[in-house]
Amino acid sequence: MLNSKGFDLWADEYDKSVELSDDESSYPFAGYKKILNEIYNSILNKSYKNILDIGFGTGTLISKLYDQECTIYGQDFSEKMIEISQAKMPNAKLFHGDISNGLVNPLLNYKYDAIIATYSLHHLSDNNKIIFLNNLLKQLYDGGCIYIGDIAFENRALHNKCMNEFRNEWDKDEIYFVIDELTSYFPNLHFKKISECSGLITIKEK
């Protein structure tokens, strides 16, 4: 797993790396562009305006929402990626912080229509995912929604099948979503499979 320094060094080449994996339909980023497109269309269709992105990277998705006059907030632990994203979105409120410590204090002062996390929460343990997501739900307006696009599997058997198939590339420091192990914690969770190793998770505010 890369630390913040590693992501700083990767920032300029990040989008190219993701696109190559997505185009090859291979682990880890197979389905990446489709996931972002699904989130983008859903947010616009629901007329959500206040958007928080957790681990926004180079701003690939939220810069498009910014262009649609959404109010953008974000947290990332790479200062270089914040710099790249801020240049695309001068009026966005972007903050530096490690999600393993939760949201930074300034972001706790706002409520959001939608909270996005694409390929960022797999850096948290399963238990910390549950804690973090429950805290994020408290930051939503009524009718709001959390969108998680990530490496995800319907059950542990499919997780292990992918792990064995890509054992040479598999990142053992990353902890991927196994949906049937989460549903008891989040009754309003919905999962849409996008590729053999990815999916879109939505969790609505009660």
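Residue pairs meeting the salt bridge (charged side-chain N to carboxylate O under 4.0 Å, His left out) criterion with at least one partner in residues 37-50, sequence neighbours excluded, are E38-K192. Contacts classified as salt bridge (charged side-chain N to carboxylate O under 4.0 Å, His left out) and involving residues 175-185 (residues at least two apart or in different chains) are given here: R156-E181. Pairs engaging residues 125-137 under the salt bridge (charged side-chain N to carboxylate O under 4.0 Å, His left out) rule: D126-K129 [sequence neighbours left out]. The list of salt bridge (charged side-chain N to carboxylate O under 4.0 Å, His left out) pairs with a residue in residues 97-119, not counting sequence neighbours, is empty.
Under a 3.5 Å cut-off, the side chain of S120 and the backbone N or O of G55 do not form any donor-acceptor pair. Formation of a donor-acceptor pair under 3.5 Å by the Q75 side chain with backbone atoms of L52 is not found in this model. In this structure, E79 contributes its side chain and H96 its backbone to no donor-acceptor pair below 3.5 Å. Judged by distance alone, the side chain of N164 and the main-chain N or O of N160 form a donor-acceptor pair under 3.5 Å. The main-chain N or O of N91 is found under 3.5 Å from a side-chain atom of Y66 such that the two form a donor-acceptor pair. With hydrogens and angles disregarded, no donor-acceptor distance shorter than 3.5 Å links the side chain of N37 to the backbone of K33.
Residues passing the side-chain contact (heavy atoms from CB on, under 4.5 Å) test with A114 are I43, Y48, I51, Y147, sequence neighbours excluded. Residues passing the salt bridge (charged side-chain N to carboxylate O under 4.0 Å, His left out) test with E83, sequence neighbours excluded: none. For K93, the side-chain contact (heavy atoms from CB on, under 4.5 Å) partners two or more places apart in sequence, or in a different chain, are Y73, F95, Y110. Not counting sequence neighbours, the partners of F166 by the ring pair (Phe, Tyr, Trp, His ring centres under 6.0 Å) test are Y27. Not counting sequence neighbours, Y40 has no partner by the ring pair (Phe, Tyr, Trp, His ring centres under 6.0 Å) test. Among residues two or more places apart in sequence or in another chain, the side-chain contact (heavy atoms from CB on, under 4.5 Å) test is passed with L158 by F153, E154, N155. Residues passing the side-chain contact (heavy atoms from CB on, under 4.5 Å) test with N127, sequence neighbours excluded: S125, I131.
Side-chain atoms of L61 and F56, non-hydrogen and from C-beta on, never get closer than 4.5 Å to each other. In this structure, L103 and N135 have side chains that are not in contact, with every pair of non-hydrogen atoms separated by 4.5 Å or more. The closest side-chain heavy-atom distance from N128 to I175 is not below 4.5 Å. In this structure, I146 and I148 have side chains that are in contact, with non-hydrogen atoms separated by less than 4.5 Å. Looking at S100 and L124, their side chains come closer than 4.5 Å, going by heavy atoms from C-beta outward. Counting only heavy atoms from C-beta outward, the side chains of L65 and D53 never approach each other to under 4.5 Å.
When ring centroids are compared, Y112 and Y141 stay outside the 6.0 Å threshold.
In this structure, K88 and T58 approach most closely via the heavy-atom pair NZ-O, 2.6 Å. Of all the heavy atoms in Q139 and L107, the pair that sits closest is NE2-O, 3.8 Å. Minimum heavy-atom separation, D76 to M81: OD1-CB, 4.3 Å. Looking at every heavy atom in both residues, A92 comes nearest to Q86 through O-NE2, 3.0 Å. The nearest pair of heavy atoms linking F186 to I130 is CZ-O, 3.7 Å. Smallest separation of non-hydrogen atoms from D150 and I35: N-CD1, 4.2 Å.
Surrounding CD of E169 are more than 12 heavy atoms belonging to other residues, nucleotides or ligands, all under 6.0 Å away.
Note that CZ of F77 and CG of N101 are 11.5 Å apart. Values are rounded to the nearest 0.5 Å. Between atom OG of residue S184 and atom CG of residue L189 there is a gap of 10.0 Å, rounded to the nearest 0.5 Å. Rounded to the nearest 0.5 Å, atoms NZ (K193) and CZ (F191) are 8.0 Å apart. We find the SG-CZ distance between C162 and R167 to be 12.0 Å, quoted to the nearest 0.5 Å. Expressed to the nearest 0.5 Å, how far OG1 of T71 lies from CG of N50 amounts to 5.0 Å. Separation of atoms CZ (F177) and CG (L121) is listed at 4.5 Å; rounding is to 0.5 Å.
Under the 30°/60° scheme for interplanar angles, the aromatic rings of H159 and Y176 are found to be tilted. Ring geometry, Y32 versus Y119: the interplanar angle falls from 30° to 60°, so the pair is classed tilted.
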N/O donor to acceptor pairs below 3.5 angstrom from side-chain atoms of residues 195-202, sequence neighbours left out:
residue: S195; atom: OG; partner: A30; partner atom: O; Å: 2.9
residue: S195; atom: OG; partner: C197; partner atom: N; Å: 3.2
residue: S195; atom: OG; partner: S198; partner atom: N; Å: 3.2
residue: S195; atom: OG; partner: S198; partner atom: OG; Å: 2.7
residue: S198; atom: OG; partner: A30; partner atom: O; Å: 2.8
residue: S198; atom: OG; partner: S195; partner atom: N; Å: 3.4

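Cluster annotation: V178 is not connected to I194 through the hydrophobic network of ILVMFWY side chains, with a link wherever side-chain heavy atoms come within less than 4.5 Å.
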